Trainee: 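Please see the structure below; I have some questions.
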Amino acid sequence: MSKYERKEGQGSIFGNKNKMTDSHPDFTGEALWRGETIRIALWKKRDKNDSVWLSVKISEPYKKTEGEQAQKPAARPPIDDDLPF
């Protein structure tokens, strides 16, 4: 299988599996622009007429800082199936 090579002015956007709040983007991805990789974030919005539109933000790619760990939702306590009735 050949390795994917991003072409100038093109990129990919995917659904954001890590979205936890409304302020997190619905879709994220990267593109190649003028030889640099850029980050793209999209939010799906509705106007007062219920028409759908997309809000976009373009920024530097996200880089984790040293020691930063991915946040995971808190684990739920185990369910006690030993009910007294």
Side-chain angles (χ1 to χ4, degrees):
M1 182 176 202
S2 64
K3 183 179 175 192
Y4 172 75
E5 187 174 321
R6 193 174 285 130
K7 295 178 184 171
E8 183 67 31
Q10 296 182 353
S12 301
I13 303 284
F14 301 95
N16 184 1
K17 297 177 194 174
N18 300 317
K19 181 173 175 133
M20 293 182 177
T21 68
D22 286 340
S23 64
H24 293 163
D26 295 301
F27 303 91
T28 60
E30 291 182 342
L32 187 63
W33 183 250
R34 297 183 180 168
E36 300 288 328
T37 298
I38 57 170
R39 179 175 188 249
I40 302 170
L42 297 171
W43 289 262
K44 188 176 176 182
K45 307 270 187 165
R46 290 192 177 271
D47 66 16
K48 61 184 175 183
N49 298 319
D50 207 33
S51 295
V52 175
W53 60 282
L54 297 174
S55 173
V56 63
K57 180 179 179 182
I58 298 170
S59 62
E60 296 287 325
Y62 177 76
K63 293 179 183 170
K64 288 185 180 181
T65 59
E66 256 185 66
E68 183 180 1
Q69 295 178 357
Q71 286 184 334
K72 293 183 181 179
R76 294 182 183 173
I79 297 173
D80 184 7
D81 287 338
D82 190 20
L83 300 174
F85 50 89

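Quantities reported herein were computed from a predicted structural model and do not represent experimental measurements.
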Trainee: Measure the spacing between CD1 of Ile58 and CD1 of Ile38 and express it to the nearest 0.5 Å.
Mentor: 5.0 Å
Trainee: I'd like to know whether CD of Gln10 has more than 12 heavy-atom contacts from other residues, nucleotides or ligands below 6.0 angstrom.
Mentor: yes
Trainee: How far apart are the closest heavy atoms of Glu8 and Gly35, and which atoms are they?
Mentor: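 Result for this residue pair: OE1-N, 3.0 Å.
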Trainee: Keeping the roles fixed (side chain from Asp47, backbone from Asn49), state whether a donor-acceptor pair exists under 3.5 Å.
Mentor: yes
Trainee: According to side-chain contact (heavy atoms from CB on, under 4.5 Å), who are the partners of Asp22, at least two apart in sequence or on a separate chain?
Mentor: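 side-chain contact (heavy atoms from CB on, under 4.5 Å) check on Asp22 returns nothing, list empty.
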Trainee: Hydrophobic cluster membership, with links at side-chain heavy-atom distances under 4.5 Å among I/L/V/M/F/W/Y: are Trp43 and Phe27 in one?
Mentor: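 In one cluster with Trp43: Phe27, no.
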Trainee: Specify the closest pair of heavy atoms between Leu32 and Arg6, including all atoms of both residues, with the distance to one decimal.
Mentor: N-CD, 3.4 Å
Trainee: I need the full list of side chain to side chain donor-acceptor pair (under 3.5 Å) pairs touching residues 24-39, with sequence neighbours left out, sorted by first then second residue.
Mentor: Lys19-Asp26
